Amino acid sequence: MYPNIQTKPFQYEILPTFPVQGTLSNSYQDLVAHLITHHIHCIDGFVGVNWETIISKLKQEFEKQGVSTRFIAMDSALKSESEIQEIISPYLGGNDPLFGKKTPVKLIEYFDTEKLTALQNIFLSSRSLQNEHIIFYGPGASLLDESKKVMYIDLPKNVLIQRMRAGVALNLGCSTQISQKETYKRYYFVDWEILNRHKRAILSRVEFLADQQSPTDLPWITGQDLQATLLAMSQNYFRVRPTFEPGVWGGHWMKDHLTGIDQHVKNYAWSFEMIVPENGIVLEANGLTLEISFDQLMFQESANVLGRAQQRFDVDFPIRFNFLDTFDGGNLSIQCHPSPAYAKEEFGENFTQDESYYIVDRKDNAQVYLGFQDNINAKEFRKALEDSFHTGIAMDIEQYVQKFESKKHQLYLIPHGTVHSSGVNNLVLEISATPYNYTFKMYDWVRPDLDGKPRPLNIDRAFANLNFNRKGDVVKNTLLSQPKEEVLEGETRRIHLPTHEDHFYDVFRYEFEQAVTINMQGQCHIMMLVEGEAIELTTEHGMKKVFHYAETFAVPAAASSYTLRNLGIGKVKVIQSFVKDSKC
């Protein structure tokens with residue numbers, strides 16, 4: 001039978017890896033030799049990289065190899081902080097503590113033209129020097145000559161956030177950190193946008209790529225091996241490295257059941273199982289690992305990954321999976337998400353945060369809050385929310401918002417504008433469009449955040465997006481997915497869990513005892529084993545991988561077809577999501 005998840009941990013791979021089509025190295029000696037022989041003079045990289053450590057070790061190794069070096073930091077050519085602030089201030093959201101707008105600014109706009117020209121002149125002269133190897137380093141180094149090969153130093157975004165919280169990572173072009181919330185907001189809406197576009201533009205020129213998350217090691221891969229690995233991944237499967245975050249409403253299901261998870265954290269509210277903007281993919285070879293950002297796979301292989309959906313989404317991976325854990329925790333805030341037009345106008349997003357809740361586990365009297373009561377009065381509801389916020393007195397939210405018993409394996413539909421929340425004692429698999437940052441909280445049970453300060457509410461933004469027609473029986477009839485079962489070969493069942501017309505993705509569940517072969521019809525499939533012990537994936541191209549209970553994985557469209565084989569006893573259940581044909 002499937003694991004007794006109420007009573008014991010089960011196997012869950014915290015650090016999933018994909019085999020490198022080639023080799024990895026952790027040798028500074030070999031790296032420097034390659035930099036010399038390949039005439040690499042520019043080392044570009046991501047924000048938050050500890051350049052001081054890298055340059056110190058590179059300098060020592062150059063000296064060991066008898067080569068005189070000079071290192072020039074690209075930040076010496078940046079515009080002043082005030083000039084950069086003026087350029088990006090329209091995208092920082094003013095006094096809004098959470099939201100800005102994704103910037104179209106290009107990295108080259110951060111640089112002073114005269115200073116950059118001076119560095120370019122040094123770069124041109126460096127190629128004729130016989131007794132000195134000049135290295136330009138930092139974000140933007142590859143701008144010095146757009147025809148030359150470069151090295152790139154990457155940093156996983158979850159590691160960047162850890163460094164930010166420790167006060168050792170700043171925003172691009174900044175010398176000080178204002179606050180963690182402001183720094184993160186600027187990362188999300190400015191730095192990541194600018195540097196991701198830059199990375200995409202130079203990826204084909206990257207001769208070597210390194211991962212700088214370790215304080216001591218610098219694993220690296222050749223550009224040729226990286227491209228071959230991304231190609232293989234885009235034709236077979238991938239699973240990203242999950243990341244876990246505590247929260248004021250966080251629970252203990254993941255802490256109690258996921259093997260290898262950090263036990264020193266108070267709780268876990270989220271697990272980002274597959275979210276492009278923040279997750280990375282870990283590569284493995286010859287006993288070494290190296291993490292790349294998920295978006296690098298999309299930059300090189302979006303057509304293979306997305307298939308027919310690539311025309312609409314380009315390099316954006318459209319669907320995310322994440323856990324919301326409220327076991328022995330608290331209720332999520334009463335919230336909603338923006339309309340597509342609002343998300344585009346206010347935040348620069350190409351699509352919005354249409355969500356659904358799939359209940360993986362629940363206990364006791366677990367509930368889901370969804371839609372309005374039939375007699376909802378918008379003005380009265382808003383007044384009650386504002387009175388509660390200003391007085392700090394709890395309100396009777398059930399006077400305005402419906403709640404439903406949480407049922408295991410039920411799918412609850414949350415298209416944009418729908419008031420909703422998960423109650424206590426649920427493990428929710430949130431299947432959603434990829435944007436994840438746009439939660440408009442209206443009521444948060446008058447509790448402080450983990451730092452003891454009041455959590456910011458977004459009542460104005462919520463009321464600009466709430467759909468008050470989603471009330472009464474409309475909720476039961478349109479937002480509680482009604483399963484439709486199809487019998488396949490033998491005991492295999494394919495259950496359609498229809499989503500709302502506003503959702504661009506669909507959800508299915510496969511139930512089988514032995515195995516099932518699935519044709520992909522030109523779509524990328526995102527999946528999770530939601531009942532059972534383990535399954536083995538075999539792709540049409542011959543790669544195999546075992547996935548365990550509660551692990552998320554994807555099979556790209558270019559895989560064409562795949563087989564899932566049950567490795568345990570009894571029936572397994574696998575959730576599958578992909579872009580609807582009509583939305584490609």
Side-chain angles (χ1 to χ4, degrees), residues 42-52 72-120 136-144 153-155 157-202 277-278 293 295 342-350 435 437-438 451 453 456 458 460-461:
C42 295
I43 305 180
D44 213 313
F46 208 68
V47 65
V49 168
N50 185 340
W51 292 103
E52 184 177 350
I72 301 175
M74 288 301 299
D75 60 16
S76 65
L78 290 175
K79 293 177 179 176
S80 67
E81 288 189 45
S82 60
E83 289 175 303
I84 292 174
Q85 183 69 22
E86 185 177 355
I87 293 170
I88 65 174
S89 61
Y91 310 100
L92 296 179
N95 295 325
D96 192 310
L98 300 175
F99 303 116
K101 186 172 184 178
K102 289 190 169 183
T103 182
V105 170
K106 297 179 180 178
L107 181 57
I108 197 167
E109 296 177 58
Y110 271 50
F111 289 93
D112 179 281
T113 302
E114 292 185 2
K115 293 178 181 178
L116 187 63
T117 300
L119 292 188
Q120 287 172 329
F136 299 85
Y137 68 91
S142 58
L143 296 173
L144 294 176
I153 310 290
D154 210 354
L155 186 71
K157 294 185 178 73
N158 67 303
V159 177
L160 169 62
I161 292 168
Q162 292 169 7
R163 292 182 181 180
M164 174 199 74
R165 290 170 178 166
V168 296
L170 306 174
N171 288 117
L172 185 63
C174 288
S175 59
T176 58
Q177 187 182 102
I178 301 174
S179 71
Q180 289 186 8
K181 285 186 176 180
E182 282 294 317
T183 301
Y184 178 81
K185 183 173 70 168
R186 185 160 164 173
Y187 280 150
Y188 188 93
F189 291 101
V190 176
D191 293 0
W192 294 356
E193 286 294 298
I194 290 172
L195 292 176
N196 283 346
R197 280 194 297 272
H198 176 65
K199 184 192 295 184
R200 181 184 183 184
I202 69 170
E278 295 203 15
S293 59
D295 44 41
Y342 192 94
K344 182 67 173 179
E345 177 63 27
E346 293 289 316
F347 310 125
E349 290 284 358
N350 292 324
N437 215 28
Y438 307 104
D451 58 8
K453 299 177 182 178
N458 315 104
D460 286 343
R461 289 191 184 274

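Just so we're clear, the structure is a prediction, and the values are computed from it rather than from any experiment.
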Is there a side-chain contact (heavy atoms from CB on, under 4.5 Å) between Thr117 and Asp112? Walk through the geometry before answering. CA-CA 9 Å; Thr117 300; Asp112 179 281; over 6 Å; no

I want to check a possible cation-pi pair here: Lys157 against Tyr187, using under 6.0 Å from ring centre and within 45° of the ring axis as the test. no

Within 6.0 angstrom of Lys106 NZ, more than 12 heavy atoms from elsewhere: no

Which of Asn437, Leu160, Leu98, Asp191 passes side chain to side chain contact (heavy atoms under 4.5 Å, CB included) with Tyr184? Answer is Asn437

If we check side chain to side chain contact (heavy atoms under 4.5 Å, CB included) with Leu195, which of these qualifies: Val190, Asp44, Val47? Val47

Point-to-point distance, once rounded to the nearest 0.5 Å, from [atom1] of [X] to [atom2] of [Y]:
X      : Y      : atom1 : atom2 : value
Ser175 : Leu170 : OG    : CG    : 7.5 Å
Cys174 : Leu78  : SG    : CG    : 10.0 Å
Ser142 : His198 : OG    : NE2   : 3.0 Å
Glu81  : Glu86  : CD    : CD    : 14.0 Å
Tyr110 : Leu116 : OH    : CG    : 15.0 Å
Ile202 : Leu143 : CD1   : CG    : 8.0 Å

CA sep, side-chain torsions, deciding dist, call: Leu155, Arg163, side-chain contact (heavy atoms from CB on, under 4.5 Å): CA-CA 11 Å; Leu155 186 71; Arg163 292 182 181 180; 3.5 Å; yes

Can you spot which of Glu193, Glu346, Glu345 makes a salt bridge (charged side-chain N to carboxylate O under 4.0 Å, His left out) with Lys102? Glu193

Main-chain N/O of [Y] paired with [X] side-chain donor or acceptor, under 3.5 Å:
X      : Y      : value
Arg186 : Asn171 : no
Lys185 : Asp96  : yes
Gln177 : Ala169 : yes
Lys199 : Gly45  : no
Glu182 : Pro97  : no

side-chain contact (heavy atoms from CB on, under 4.5 Å) between Leu92 and Phe189: does it pass, once the steps are laid out? CA-CA 7 Å; Leu92 296 179; Phe189 291 101; 5.7 Å; no

Does the side chain of [X] reach to within under 4.5 Å of the side chain of [Y], using non-hydrogen atoms?
X      : Y      : result
Phe111 : Met74  : yes
Pro139 : Trp51  : yes
Glu278 : Asn158 : no

Consider only side-chain N and O atoms of Thr183 and Gln180, and report whether a donor and an acceptor are under 3.5 Å apart. no

Is the Phe347 ring parallel, tilted or perpendicular to the Tyr342 ring (thresholds 30°, 60°)? perpendicular

Can you name the closest pair of heavy atoms from [X] and [Y] and give their distance?
X      : Y      : result
Ala141 : Cys42  : O-SG, 3.4 Å
Ala77  : Leu119 : CB-CD1, 3.6 Å
Pro456 : Lys181 : CD-NZ, 4.1 Å
Ile87  : Lys79  : CD1-NZ, 3.8 Å

Given the rule in the side-chain contact (heavy atoms from CB on, under 4.5 Å) test, do Asn458 and Phe99 qualify, once you have shown the distances and angles that lead to the verdict? CA-CA 10 Å; Asn458 315 104; Phe99 303 116; 3.7 Å; yes

